[in-house]
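Step one of this worksheet: look at the structure below.
Letters go in sequence order (proteins before strands), and every chain restarts at 1.
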Number of protein chains: 2
Amino acid sequence: MKIRPRHPRPRYDARARIAKALAHPSRLMILEALENREVCVCDLTELVGADQSTVSKHLAVLKQAGLVEDRKAGVMVFYKLKVCCLQGFWDCLETVLAQNLKTQRAVLR
Amino acid sequence: MKIRPRHPRPRYDARARIAKALAHPSRLMILEALENREVCVCDLTELVGADQSTVSKHLAVLKQAGLVEDRKAGVMVFYKLKVCCLQGFWDCLETVLAQNLKTQRAVLR
DNA sequence: ATATTCAATGCCAATATTGCCATTAAGCCA
DNA sequence: TGGCTTAATGGCAATATTGGCATTGAATAT
């Protein structure tokens, strides 16, 4: 049975660009840290535990995707979430992880 | 101000593995096509418009992430969703895209 | 048995992502 | 001004992802 795409191709490209920005452990950690507050790059760097330049690039990825925005305050830069729909995403990831655990246990049994 | 991660590091790695599986236009297209039905590899191949082997690999990625499961039926293989939490994810992506459009328009003005 | 169809895998080249170092840029203070 | 702090950028090597071709394997039909 022939399946038609629900949307034109570029729409999936655009969606994937957002999804890609979400597809890295450090970036997930950063986004979660930004829940309900803004945080400076220095604190995010300490949180992530990578080089400052690395964190800066992760932030650039998130910003480019439209997920966060920044605010300069003197010599510091504060980032905060630009979207409020991430909780559902975390929940979904956790659901999948829990389900995978269950599947794995079933295999071992 | 010192920020503590809410979860241990491996948890973010695990989450990112799921997120990575979602981070490709063809895989997004496939997942959407599997909403409410199972579809054989042949039809998914036609849908995506890539080589059959390429689609097969995308399906392997989705399966490895625990997002889909497969069922053999003779010479064909049918894939279906293993999770039911994707709608929220689509909505979130669309929200971000819509917001980005708005931002872009504001910049042009 | 042979041919045919559908799907998965091996291989490989092209491309993209990541991370750190070094450097640059900008703001602040003495 | 010069020194210090914070963040962004350029360069580059290591690694990962992607996509197609060719092949393999499995099920079915002739």
Side-chain angles (χ1 to χ4, degrees), chain A residues 1-3 9-10 12-31 33-34 38-80, chain B residues 1-3 9-10 12-31 33-34 38-80:
Chain A
M1 177 197 169
K2 173 145 178 123
I3 308 285
R9 169 74 64 146
Y12 296 99
D13 296 338
R15 287 181 176 184
R17 274 194 294 275
I18 311 293
K20 268 182 204 291
L22 296 167
H24 190 286
S26 298
R27 294 199 288 270
L28 294 180
M29 202 182 301
I30 289 170
L31 289 172
L34 295 182
E38 55 175 27
V39 182
C40 67
V41 177
C42 47
D43 288 342
L44 290 173
T45 298
E46 191 188 355
L47 168 74
V48 169
D51 193 88
Q52 175 267 318
S53 69
T54 299
V55 173
S56 199
K57 280 174 189 171
H58 281 308
L59 289 167
V61 170
L62 293 173
K63 184 176 168 182
Q64 159 70 27
L67 294 168
V68 303
E69 58 191 345
D70 60 340
R71 173 178 74 83
K72 284 190 215 312
V75 75
M76 297 167 75
V77 177
F78 288 87
Y79 280 82
K80 68 174 174 184
Chain B
M1 176 197 170
K2 174 147 177 119
I3 309 286
R9 170 72 64 144
Y12 296 99
D13 296 339
R15 288 182 177 183
R17 275 195 294 275
I18 311 295
K20 268 181 204 293
L22 295 167
H24 190 286
S26 298
R27 294 200 287 269
L28 293 180
M29 203 183 300
I30 289 170
L31 288 173
L34 294 182
E38 55 175 27
V39 182
C40 67
V41 177
C42 46
D43 287 342
L44 290 173
T45 298
E46 192 189 355
L47 169 73
V48 169
D51 192 88
Q52 174 268 316
S53 70
T54 299
V55 173
S56 198
K57 280 171 193 170
H58 282 307
L59 289 167
V61 170
L62 293 174
K63 184 177 167 182
Q64 158 70 27
L67 293 169
V68 303
E69 58 191 345
D70 60 341
R71 174 178 74 82
K72 284 189 215 315
V75 74
M76 297 168 75
V77 176
F78 288 87
Y79 280 80
K80 67 174 174 183

- Item | Between D/dA8 (C1') and A/L44 (CG): distance, integer Å | 15 Å
- Item | Distance-only donor-acceptor test (3.5 Å): side chain A/S53, base C/dC21 | yes
- Query: What integer distance in Å separates B/L22:CG from D/dT18:P?
  - Reply: 12 Å
- Query: Between B/Y12 and B/R9, is there a cation-pi geometry (under 6.0 Å to ring centre, at most 45° from the normal)?
  - Reply: no
- Separation between CD1 (A/I3) and SG (B/C42), nearest 0.5 Å, reads 9.5 Å
- OP1 or OP2 of D/dG19 less than 4.0 angstrom from a side-chain nitrogen or oxygen of B/H58, does that happen here? yes
- With nearest nucleotides of DNA chain C determined for A/A23 and A/A73 from heavy-atom distances, which residue corresponds to the more 5′ nucleotide? A/A23
- Task: Starting from P on D/dG19, measure out to CE on B/M29 and report it in whole angstrom.
- Result: 11 Å
- Task: Under the salt bridge (Lys or Arg N to Asp or Glu O under 4.0 Å) rule, what do B/E69 and B/K63 come out as? Steps first, then yes or no, please.
- Result: CA-CA 6 Å; B/E69 58 191 345; B/K63 184 177 167 182; over 6 Å; no
- The residue, A/H24 or A/Q52, whose nearest nucleotide of DNA chain C is more 5′ is A/H24
- Message: Need one value for B/Y79: base, sugar-phosphate or nothing, where a base atom within 4.0 Å counts as base even if backbone is also close, heavy atoms only.
- Response: sugar-phosphate
- For D/dA8, take OP1 and OP2 only and decide whether either is under 4.0 Å from a side-chain N or O of A/S56. yes
- Message: Go nucleotide by nucleotide along DNA chain D from the 5' end; which of B/K20 and A/D70 gets its closest nucleotide reached first?
- Response: A/D70
- With heavy atoms under 4.0 Å as the rule, sort A/K57 into base, sugar-phosphate or nothing. base
- Query: Between D/dG19, C/dC21, C/dG27, which nucleotide has the shortest distance from any of its atoms to the side chain of A/V75?
  - Reply: C/dG27
- Rounded to the nearest 0.5 angstrom, the CG-CG distance for A/L34 and A/L62 is 8.0 Å
- Report the distance from atom CD1 of B/I30 to atom C1' of D/dG19, rounded to the nearest whole Å. 13 Å
- Task: Consider the side chain of A/R27, meaning its heavy atoms from C-beta on, and name the nucleotide among C/dA7, C/dT18, C/dC20 that approaches it most closely.
- Result: C/dT18
- Could you give the CZ-to-P distance, from A/F78 to D/dA8, as a whole number of Å? 12 Å
- Closest to side chain of B/V77, choosing from C/dA8, D/dG19, D/dA7: C/dA8
- Message: If I take atom CG in residue B/L59 and atom P in nucleotide D/dG19, what distance separates them, rounded to the nearest angstrom?
- Response: 13 Å
- Message: Show the nearest heavy-atom pair for residues B/A16 and A/A23, with the distance to one decimal.
- Response: CB-C, 4.5 Å
- Can you tell me the distance, in whole Å, between the CG atom of B/L28 and the C1' atom of D/dT17? 15 Å
- Task: Rounded off to whole Å, could you give me the CG-to-P distance for the B/D51 and D/dA22 pair?
- Result: 10 Å
